[in-house]
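A short worksheet on the structure shown next.
Position 1 is the first residue of the sequence; numbering continues from there. All values derive from a computational prediction rather than experimental measurement.
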Amino acid sequence: MAARRTAAAGSGGDTESSPLDAFVPLDELMPWSVRPLRTGRAWVSGPDPVALRARWERLAAADAAEQERLFAPTRSRTPHTSVAALPGQSTGTARFARTPGPCPDPVRILHGPYDEQWLLPDHRLIDAARPELWRVADEQQLFAVEHSCAPEDSGPALSVTALLPDGHSPAGRPGRIRPLYRRPGGTEPNLAPGLPELLRGRLGGGTAPDAFAPEAVLAWILAAARPAATGLRVPLPADAEVWSSGVALGRELLRLQSRGARGGERPRLPGGRRPYVRAALPARPTELSYDAGDEALVVGDGRISPVPAAAWEFTVGGVRVLELWFGRRAAAAAGQMPEGAAPDGLDAVGARGWPREWTSELLELITVLALLDGTAGPREELRAALAAGLLIGPAELRAAGVLPVPSSARRPASVLGHQEEGPEGQFALL
């Protein structure tokens, strides 16, 4: 350890004795974070956009007493609440009970890690929609989402998506949402001011021109972040070769998790390993199991194979991802709640069995999980390289003035480039 301290001091690195002491909290590297969305009512989101439209139509056509019941009022939202429109969405701002308006087009969201669902983007229906996230959601944006996990989990401690995430966690405390950019158009990265410049100065050398671009820093964080009692922490290497290998790994993780968004290649397993439907899935499957001998996913009377065991065993927060994904859709297909409870109100409206799109999504999810598991080896190699090398830690970042970050970096940027419609048609002032 003494040798490590001397070498680290000579290169400007940290000299803390504990490895975790030399890691940097993610909260310092990406200082602006937003709490998860809180819908307040389950029926506004789900895996089937057709069902969401049916629920809207049922609610809008109901008489006053029935509408009140179906709406599932909370302290934040009732049919008589008027609020501003969500940024980028042309939905009503008058009270729903008086003027529901036409059904908005459901938008694709990420419901927890690896589960792409749909949401009715009407602010009158959502208790806490986090408008600051909607303002910066565009084709250049990426969102990093923390999720509760243990060190032994097979997946990364962080999810990255090009979709608007709701921050839901399958187990434990919901994670914070961290946009990569603070403004639309991919401008003003949500990184500690001066961090990319410091990394370029310490590691630049012969690295690629984009090795310290905001997306490269996010790729590193995705590959290297580790869970800790106080939140995710990120080691920053003092070696350019380690940085380059970690960024390359992170870019692959980003491609897999975002499923080829923003012009990337969609995840695909090699030809002989791609999963196919061998027996048609039933209209309303109720059971899911795994046949290890045949590498088959058994969905009621249907079968999908080959399905690598690693995809079946893939967990987040101790919860098996495929079982959780299936459970939500099996319930929706039957018009039930995911927990098995009898639905009360709009949750049962629109159930239409198992649509073909879900089978395609299931095949892609199996592919994503199998490929993510395939990155376990490179992630272990990166961890070993970090353990054997020198780190740029909090002390050096403080000495360089990167830390502490200014309080303004933890608040949303002023991004209002046009007037937004406020409650009852007035203009919002920001």
*Minimum side-chain heavy-atom gap Ser258-Thr161 below 4.5 Å*: no

_Keeping Gln141 on the side-chain end and Tyr181 on the backbone end, is there a donor-acceptor pair under 3.5 Å?_
yes

*asked:* Could you walk me through whether Trp325 and Leu362 satisfy the side chain to side chain contact (heavy atoms under 4.5 Å, CB included) test, starting with their C-alpha distance in whole Å, then the side-chain angles of each, then the deciding distance to 0.1 Å, before giving a yes or no?
replied: CA-CA 8 Å; Trp325 185 96; Leu362 177 55; 3.6 Å; yes

*Step-by-step salt bridge (Lys or Arg N to Asp or Glu O under 4.0 Å) determination, Asp48 to Arg329*: CA-CA 9 Å; Asp48 185 5; Arg329 282 153 184 79; over 6 Å; no

*List the steps, then state whether salt bridge (Lys or Arg N to Asp or Glu O under 4.0 Å) holds for Arg38 with Asp166.*
CA-CA 8 Å; Arg38 189 179 72 251; Asp166 63 10; over 6 Å; no

_Glu132 vs Arg411, test: salt bridge (Lys or Arg N to Asp or Glu O under 4.0 Å). Steps then yes/no._
CA-CA 10 Å; Glu132 59 269 40; Arg411 299 192 296 268; over 6 Å; no

_side chain to side chain contact (heavy atoms under 4.5 Å, CB included) for Arg41 and Asp127? Distances and angles first, verdict last._
CA-CA 8 Å; Arg41 47 203 52 81; Asp127 280 10; 3.0 Å; yes

I'd like a table of donor-acceptor pairs (distance under 3.5 Å, sequence neighbours excluded) in which one partner is a side-chain atom from residues 277-287, with atom names and distances.
{"residue": "Arg278", "atom": "NE", "partner": "Ser305", "partner atom": "O", "Å": "3.0"}
{"residue": "Arg278", "atom": "NE", "partner": "Ser305", "partner atom": "OG", "Å": "3.2"}
{"residue": "Arg278", "atom": "NH2", "partner": "Ser305", "partner atom": "O", "Å": "3.1"}
{"residue": "Arg284", "atom": "NE", "partner": "Ala333", "partner atom": "O", "Å": "3.1"}

*Would you please test Leu142 and Leu218 for side chain to side chain contact (heavy atoms under 4.5 Å, CB included) and show each step?*
CA-CA 9 Å; Leu142 290 170; Leu218 176 61; 4.0 Å; yes

*Over-ring placement of Arg58 relative to Trp56, 6.0 Å and 45° cut-offs*: no

_Nearest heavy-atom neighbours spanning Leu365 and Tyr114_ = CD1-O, 3.6 Å

_Between Arg124 and Ser82, is there a side-chain donor-acceptor contact under 3.5 Å, judged purely by atom types and distance?_
no

_Atom pair CZ/CD of Arg53 and Glu57 - distance to nearest 0.5 Å_ = 8.5 Å

_For the backbone of Glu265 and the side chain of Arg255, can you confirm whether one donor and one acceptor N or O come within less than 3.5 Å of each other?_
yes

_Asp138 (side chain) donor-acceptor with Gly185 (main chain) under 3.5 angstrom_ = yes

*Any side-chain heavy atom of Ile109 sitting closer than 4.5 Å to one from Glu116?*
no

_Backbone N/O of Val24 and side chain of Arg233: donor-acceptor pair under 3.5 Å_ = no

*Walk me through it: do Val83 and Thr93 pass the test side chain to side chain contact (heavy atoms under 4.5 Å, CB included)?*
CA-CA 6 Å; Val83 294; Thr93 60; over 6 Å; no

*Do any N or O atoms from the side chain of Arg55 and from the backbone of Leu346 form a donor-acceptor pair under 3.5 angstrom?*
yes

*Kindly compute the distance separating CG (Leu163) from CG (Leu119), expressed to the nearest 0.5 Å.*
11.5 Å

*Short question: side chain of Asp210, backbone of Ala213 - any donor-acceptor pair under 3.5 Å?*
no

*For the student: nearest non-hydrogen atoms of Ala224 and Pro235, plus distance*: O-CD, 3.4 Å

*Side chain to side chain, Ser245 and Leu382, heavy atoms closer than 4.5 Å*: yes

*Does a sphere of radius 6.0 Å around CZ in Arg35 hold more than 12 heavy atoms from other residues, nucleotides or ligands, not counting ones at 6.0 Å or beyond?*
no

*asked:* Looking at Trp312, is its backbone amide N or carbonyl O close enough to the side chain of Arg320 to form a donor-acceptor pair, meaning the two atoms are under 3.5 Å apart?
replied: yes

*Nearest heavy-atom pair of Pro113 and His168: which atoms, and what distance?*
CD-O, 3.8 Å

_What's the separation between atom CD1 in Ile392 and atom CZ in Phe23, rounded to the nearest 0.5 Å?_
13.0 Å

*asked:* In the structure I gave you, are the side-chain heavy atoms of Phe96 and Leu59 within less than 4.5 Å of one another anywhere?
replied: yes

*Counting only heavy atoms not in Glu323, do more than 12 sit closer than 6.0 Å to its CD atom?*
yes

*asked:* Rounded to the nearest 0.5 Å, what separates atom OG in Ser244 from atom CH2 in Trp220?
replied: 9.5 Å

_Euclidean distance, Glu28 CD relative to Leu195 CG, rounded to 0.5 Å_ = 11.0 Å

*Are Thr359 and Trp354 close enough that a side-chain donor and a side-chain acceptor fall under 3.5 Å?*
yes

*So, for Pro104 and Leu120, which heavy atoms are closest and what is the spacing to 0.1 Å?*
O-CD2, 4.0 Å

*Below 4.5 Å, heavy atoms only, C-beta onward: do Val307 and Tyr290 meet side chain to side chain?*
yes

_So, applying side-chain contact (heavy atoms from CB on, under 4.5 Å) with Phe314, which one of Ile366, Leu372, Val368 is it?_
Leu372

*Can you name the closest pair of heavy atoms from Thr78 and Pro73 and give their distance?*
CG2-CB, 4.0 Å

*asked:* Is any side-chain heavy atom of Arg328 closer than 4.5 Å to one of Gln117?
replied: yes

*Are the side chains of Leu133 and Leu37 in touch, meaning some heavy atoms are under 4.5 Å apart?*
yes

_Tell me whether Trp358 contacts the main-chain N or O of Pro47 through its side chain, where contact means a donor paired with an acceptor under 3.5 Å._
yes

_Residues Arg108 and Glu361 bridged, charged N to O under 4.0 Å_ = yes

*Could you tell me whether the side chain of Arg135 and the main chain of Pro87 form a donor-acceptor pair under 3.5 Å?*
no

*Please determine if Arg262 and Glu215 form a salt bridge, counting it only when a charged side-chain N lies under 4.0 Å from a carboxylate O.*
yes

*Are there more than 12 heavy atoms of other residues, nucleotides or ligands under 6.0 Å from atom CZ of Arg268?*
no

*Could you grab the distance from atom CZ of Arg77 to atom CG of Leu125, nearest 0.5 Å is fine?*
9.0 Å

*asked:* Arg200 vs Glu197, test: salt bridge (Lys or Arg N to Asp or Glu O under 4.0 Å). Steps then yes/no.
replied: CA-CA 5 Å; Arg200 184 178 299 278; Glu197 292 76 12; over 6 Å; no

_Looking at Glu188, is its backbone amide N or carbonyl O close enough to the side chain of Arg183 to form a donor-acceptor pair, meaning the two atoms are under 3.5 Å apart?_
no

*asked:* Counting C-beta onward and ignoring hydrogens, is there a side-chain heavy-atom pair between Trp32 and Asp27 closer than 4.5 Å?
replied: no

*Counting heavy atoms not belonging to Asp291, are there more than 12 under 6.0 Å from its CG?*
yes

*asked:* Please tell me whether Arg379 and Thr375 have a donor and an acceptor in their side chains that are separated by less than 3.5 angstrom.
replied: yes

*Which atom names give the shortest non-hydrogen contact between Ser159 and Gln257, and what distance separates them?*
CA-OE1, 3.1 Å

